[in-house]
Amino acid sequence: MEEVPHDCPGVSSAQAGRGASCQGCPNQGICASGAGAAPDPAIEEIKERMKTVKHKILVLSGKGGVGKSTFSAHLAHGLAEDENTQVALLDIDICGPSIPKIMGLEGEQVHQSGSGWSPVFLEDNLGVMSVGFLLSSPDDAVIWRGPKKNGMIKQFLRDVDWGEVDYLIVDTPPGTSDEHLSAVQYLAAAHIDGAVIITTPQEVSLQDVRKEISFCHKVKLPIIGVVENMSSFTCPKCQESQIFPPTTGGAEVMCQDLKVPLLGKVPLDPRIGKSCDKGESFFAEVPDSPATLAYRSIIQRIQESCSLRQPKGENLVGS
Amino acid sequence: MEEVPHDCPGVSSAQAGRGASCQGCPNQGICASGAGAAPDPAIEEIKERMKTVKHKILVLSGKGGVGKSTFSAHLAHGLAEDENTQVALLDIDICGPSIPKIMGLEGEQVHQSGSGWSPVFLEDNLGVMSVGFLLSSPDDAVIWRGPKKNGMIKQFLRDVDWGEVDYLIVDTPPGTSDEHLSAVQYLAAAHIDGAVIITTPQEVSLQDVRKEISFCHKVKLPIIGVVENMSSFTCPKCQKESQIFPPTTGGAEVMCQDLKVPLLGKVPLDPRIGKSCDKGESFFAEVPDSPATLAYRSIIQRIQESCSLRQPKGENLVGS
């Protein structure tokens, strides 16, 4: 039975073949020779491109369907409410790009200019990019293996001309695989402020989210904090219910155990799903929902966390 | 701007460089030379291994978090209630393997025998395999790129000794990428009965599920049908029915009509399902009279009927 190297740093990481967990792996020699680790020129190009981007936030979850794209979209909406804040939203979910629909931008096209690809602008101060804009139809499947997805992500980071941006939000698919490694590696020289990790309360989700937290530690990605989504459901008749019971204490206990900040809990309001399907901002549709208030509080905490980090690479908060 | 070949058949597919959509792709020459398409000996080995497996079902969704693993686990539980039915459950979600927890098998180990890896048996007639069993701790992250995941999936299909099995259920992660292509390609010679595709009612999910249906068509994987999960929510306190994920475009029902695929059923959202999964218990055993249990059972029966229309030795009576 072939040993599964549990902590494989990745064949193209700087630690390939050299990590403690590489001992005994049959591929150790190949990796240590550096075969997979030739530096990619794109990393420097991306560093240049990112010089006009002050803060970069990755929205992650080990678990699917917890509300990453919904959160990313509304983080973008919330930040962009200040006309003087320039916001960019990049969707690197190549197989299931939800951002165009959620932002009400389906059918929009990406244009090329002299300085690169132009994002699709929802507002003057809110630009969006997704593979969804490159498809003939929103239902077209993108059936790509890892290397091809990585190429697309590299292009997004290197070729999109965002202009001067205060916040770049990167929405990701679930997992700890190609897209996540690529995002972190291509942005390696450009300094990511940190990750916001989304979960739902049940243990089946938290288990995957602990893996995502572990991923962040391994790649030295600071964790801004965790958001517990679908925390509770307000039954219109009797006012409360738990859809996904927090059998092991929910995100609160996990965050205490792992010493990461809990940014907040967002209740499940069915009107959120409706807004996303319609491509409208939930904040505009239902400004007084407890979910809106919860989101806004979380967004404020994220802004505070980012302001503690100098925009030119000095990280005041340890990872 | 580099052209995105929308219908790229995949660099290692038999159609690489030769498909209609390859025209104009800058990589066409390389692909057509067959550089990426050397036949993998594992495919024949897997065909041999699968000779003792009558029916193979892939559980798919373009969308995450719709209940694939929950459904896969309960499909396994339901089929295995008949002691004479041998069931195998294979979890090929490498990054987020939920099956060990949902099946109450966390901490179990995989053993090697002369005939291959032994699955972990929940019951005499229900065996399970997942990368989760190979980790030191359930919270260990598996941070692998596509090629490494593909290698694991190949090992699972080639090296696990399931024995004589009536149903092999393959649980997958969301998407249309490495895991899905690998499962279909490695099982290419072994005949998959079909795919059960899980969705929730809202359009954001259906959009991803249409892509999954498109994937099935492209790789010629028959579609057994679609399951709409979390269809509605009945408050356990006051019994009021609510729509948590409103079907703004008609839900799975309209999508299935449009795309001419069977709708196998709709499962309401019962919070006790999540509890059962967290505890690793069968929801059917915990809440046998829940409307969700009844819905699941009806769907399982339709799946069995669909599989029985397909001869186990590769004759597919139902067109894909």
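A, B, ... follow the sequence lines: proteins, then strands. Residue 1 opens every chain.
To the nearest 0.5 Å, the span separating CE on Met103(B) from CG on Asp171(B) amounts to 10.5 Å. Residue Ile223(A) holds its CD1 atom at 10.5 Å from CZ of Phe215(A), rounded to the nearest 0.5 Å.
Only the side chain of Asp208(B) comes within contact range of chain A, with heavy atoms under 4.5 Å apart. If you measure heavy-atom distances from Glu241(B) to chain A, you find no contacts under 4.5 Å at all. Only the side chain of Lys101(A) comes within contact range of chain B, judged by heavy atoms closer than 4.5 Å. Both the backbone and the side chain of Thr248(B) come within contact range of chain A, each with at least one heavy atom under 4.5 Å from a heavy atom of that chain. Of the atoms belonging to Lys63(B), it is side-chain heavy atoms, and not backbone ones, that fall under 4.5 Å from chain A. Heavy-atom distances place the side chain of Phe244(A), and not its backbone, under 4.5 Å from chain B. For chain B, no part of Pro173(A) is nearby; none of its heavy atoms comes within less than 4.5 Å. With a 4.5 angstrom heavy-atom cutoff, Gln202(B) touches chain A via backbone and side-chain atoms both. Within the 4.5 angstrom heavy-atom criterion, only side-chain atoms of Leu268(A), from C-beta onward, approach chain B. Heavy atoms closer than 4.5 Å to chain B are found in both the backbone and the side chain of Asp139(A). The contact between Ile102(A) and chain B is made entirely by side chain atoms (from C-beta outward), counting heavy-atom distances below 4.5 Å. For Pro174(A), the part sitting under 4.5 Å from any heavy atom of chain B is the side chain, from C-beta outward, and nothing else. Only the side chain of Phe233(B) comes within contact range of chain A, judged by heavy atoms closer than 4.5 Å. Residue Lys149(A) touches chain B through its side chain alone, counting heavy-atom pairs closer than 4.5 Å. Neither the backbone nor the side chain of Asp269(A) comes within contact range of chain B, judged by heavy atoms closer than 4.5 Å. With a threshold of 4.5 angstrom between heavy atoms, Pro97(B) approaches chain A through its backbone and through its side chain. With a 4.5 Å cut-off on non-hydrogen atoms, Val204(A) touches chain B through its backbone and its side chain both. Only the side chain of Asn150(B) comes within less than 4.5 Å of a heavy atom in chain A; its backbone stays farther off.
The candidate with the highest count of non-hydrogen atom pairs below 4.5 Å against chain A, out of Gly175(B), Ser182(B), Pro147(B), Gly151(B), is Ser182(B). The candidate from Ile213(B), Thr176(B), Leu206(B) with the greatest count of non-hydrogen atom pairs under 4.5 Å with chain A is Thr176(B). Heavy-atom pairs under 4.5 Å with chain B peak, among Lys278(A), Lys237(A), Arg271(A), at Lys237(A).
In this structure a side-chain-to-backbone donor-acceptor pair under 3.5 Å is present from Lys211(B) to Pro138(A). Within the 3.5 Å criterion, the main-chain N or O of Ser214(A) finds no donor-acceptor partner in the side chain of His217(A).
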Stepwise side-chain hydrogen bond (donor to acceptor under 3.5 Å, both in side chains) test for Ser205(B) and Thr200(B)
CA-CA 6 Å; Ser205(B) 289; Thr200(B) 46; 2.6 Å; yes
Determine, stepwise, if the pair Thr249(B) / Glu203(B) fulfils side-chain hydrogen bond (donor to acceptor under 3.5 Å, both in side chains).
CA-CA 6 Å; Thr249(B) 56; Glu203(B) 176 57 25; 2.6 Å; yes
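Considering every non-hydrogen atom in both Gly64(A) and Lys68(A), the closest pair reads CA-NZ, 4.1 Å. Taking every heavy atom of both residues into account, Met129(A) and Ser118(A) meet most closely at CE-O, 3.7 Å.
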